[in-house]
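Quick notes on the structure that follows.
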There are 2 protein chains.
Amino acid sequence: MSADSPWLTDEQQRVWRDWLQATALLPVALHAQLQADSDLSFPDFEVLSELSEVEGRQMRVGDLARALQWERSRVSHHVKRMEARGLVRREECASDGRGAQVVVTAGGRRSIERAAPGHARTVRRLMFEPLSAREVALLGEVLSGLVSRLREEDERPR
Amino acid sequence: MSADSPWLTDEQQRVWRDWLQATALLPVALHAQLQADSDLSFPDFEVLSELSEVEGRQMRVGDLARALQWERSRVSHHVKRMEARGLVRREECASDGRGAQVVVTAGGRRSIERAAPGHARTVRRLMFEPLSAREVALLGEVLSGLVSRLREEDERPR
DNA sequence: CCAAGATTGGTGATGTGTCAATCACTTCGC
DNA sequence: GCGAAGTGATTGACACATCACCAATCTTGG
């Protein structure tokens with residue numbers, strides 16, 4: 001698979017491997033930190049972060065899905081598990097009978113407050129502090145280009 | 001969570017979001033391409049790639065795990081599923097009674113041969129071709145630094 | 001008003017990944 | 001040789017993600 005078709009140059013090959021490695025290992029590191037400081041998984045943390053940023057610490061399922069860029073059903077499943085662990089609560093929505101509000105519980109709030117500082121520190125330590133300002137800027141450009149290509153790709157009728 | 005503790009600068013915030021986005025969307029794009037050309041998932045593809053590179057297209061479970069940097073049990077589960085779909089076969093190992101060889105079947109070989117060119121094209125198109133040589137080089141440096149920090153992190157007694 | 005269609009959220013099935021435990025075999029120290 | 005420890009691989013339980021589908025509700029054109 002390396003000689004027959006034009007695969008990747010050696011350098012590209014190295015970069016690609018490192019990309020795969022990094023994208024595999026970073027979640028592991030973040031998960032480990034979250035577990036050390038709290039009982040949250042990374043997805044739990046994302047949900048609670050999003051909810052914590054709004055007035056009342058609650059949000060409709062669909063809005064949460066849009067904010068996180070998750071599928072609705074993923075939110076639904078995940079919220080169910082989080083509810084079972086007492087991190088959030090579901091409430092009926094007054095204005096729309098179909099709707100559901102996801103509300104952070106006191107326990108959920110405690111968890112994310114315990115987890116957040118270490119999480120921030122870990123992201124900074126692993127990802128940003130070792131980079132120069134120029135590197136951060138360039139990485140940003142590369143990633144934002146990549147993201148926009150990936151979004152097009154995603155929209156694309158197949 | 002943004003004002004109280006020193007979280008991330010606005011720029012870092014943006015880069016971080018794009019990182020998360022990119023690492024979420026790229027697998028989706030690769031998966032879509034693989035499904036279009038073959039019946040393989042990305043992990044299937046990784047397994048078959050690794051196996052295809054060695055003499056006899058077969059490997060011990062543990063060696064496969066090391067090559068892919070997967071947990072043994074992940075390999076075991078995954079190989080079982082692939083075996084059910086006729087992509088690989090397990091064989092007893094002659095030299096070590098505990099061991100098992102994972103062998104690519106004819107069907108597995110057909111699948112990866114159908115999938116590989118499109119996969120390579122997709123990686124190049126999305127990841128590399130839009131980047132300048134300098135960007136590739138810099139991305140490479142950033143990633144390899146990140147990977148080595150993550151590896152240390154992973155070793156670290158906790 | 002009301003039937004048709006869209007939207008919201010949830011469910012079950014399936015595939016995937018981790019962890020802890022287990023089983024079978026090998027190796028090592030005596 | 002032989003028991004203890006180590007190693008290779010599998011398993012089961014669970015967390016997570018996606019997909020296809022469904023029920024309830026809302027909205028809208030006639």
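Only a predicted model underlies this, so the values are computations on that prediction, with no experimental measurement involved. In what follows, chains carry the letters A, B, and so on, assigned in the order in which the sequence lines appear, proteins first and then strands, with residues in each chain numbered from 1. Atom set for the values below is all heavy atoms of this structure, side chains included, hydrogens, waters and symmetry mates excluded.
Judged as a ring pair (Phe, Tyr, Trp, His ring centres under 6.0 Å), not a single pair has a partner in residues 79-108 of chain A (not counting sequence neighbours). Contacts classified as ring pair (Phe, Tyr, Trp, His ring centres under 6.0 Å) and involving residues 73-105 of chain A (residues at least two apart or in different chains) are given here: A:W70-A:H78.
Remark: C1' of D:dC16 and CE of A:M82 are 13 Å apart, rounded to the nearest angstrom. Atoms CG (B:L26) and P (D:dA17) sit 17 Å apart, rounded to a whole Å. To the nearest angstrom, P of C:dT14 lies 18 Å from CG of B:D39. Going from atom CG of A:L40 over to atom C1' of D:dC16 covers 15 Å, rounded to whole Å. What separates CZ of A:R90 from P of C:dT8 is a distance of 16 Å, to the nearest Å. Going from atom CD of A:E91 over to atom P of C:dG10 covers 13 Å, rounded to whole Å.
Qualifying salt bridge (charged side-chain N to carboxylate O under 4.0 Å, His left out) partners for B:R109, counting only residues two or more places apart in sequence or in other chains: B:E113. Qualifying side chain to side chain donor-acceptor pair (under 3.5 Å) partners for B:R110, counting only residues two or more places apart in sequence or in other chains: none. Residues satisfying the salt bridge (charged side-chain N to carboxylate O under 4.0 Å, His left out) criterion with A:R66, sequence neighbours excluded, are A:D63. In terms of the salt bridge (charged side-chain N to carboxylate O under 4.0 Å, His left out) criterion, B:E141 has no residue partners (sequence neighbours excluded). Take A:S41 and apply the side chain to side chain donor-acceptor pair (under 3.5 Å) test, not counting sequence neighbours, and it matches A:D44.
With rounding to the nearest 0.5 Å, the separation of CD in A:Q33 from OG1 in A:T122 is 4.0 Å.
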Are there any protein N/O atoms within less than 3.5 Å of an N/O atom in nucleotides 15-19 of chain C, and if so, which ones and at what distance?
residue	atom	partner	partner atom	Å
C:dT16	OP1	B:S41	OG	3.3
C:dT16	OP2	B:R81	NE	3.1
C:dG17	OP1	B:R74	NH2	2.7
C:dG17	OP2	B:R74	NE	3.4
C:dT18	O4	B:H77	NE2	3.2
C:dC19	OP2	B:E71	OE2	2.8
C:dC19	N4	B:S73	OG	2.9

Below 3.5 Å is the cut-off: list the nitrogen or oxygen pairs between protein and nucleotides 23-29 of chain C, distance only.
residue	atom	partner	partner atom	Å
C:dT26	OP1	B:G97	N	3.1

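Residue-to-nucleotide proximity on DNA chain D shows that, of B:K80 and B:R66, the 5′-proximal contact is made by B:R66.
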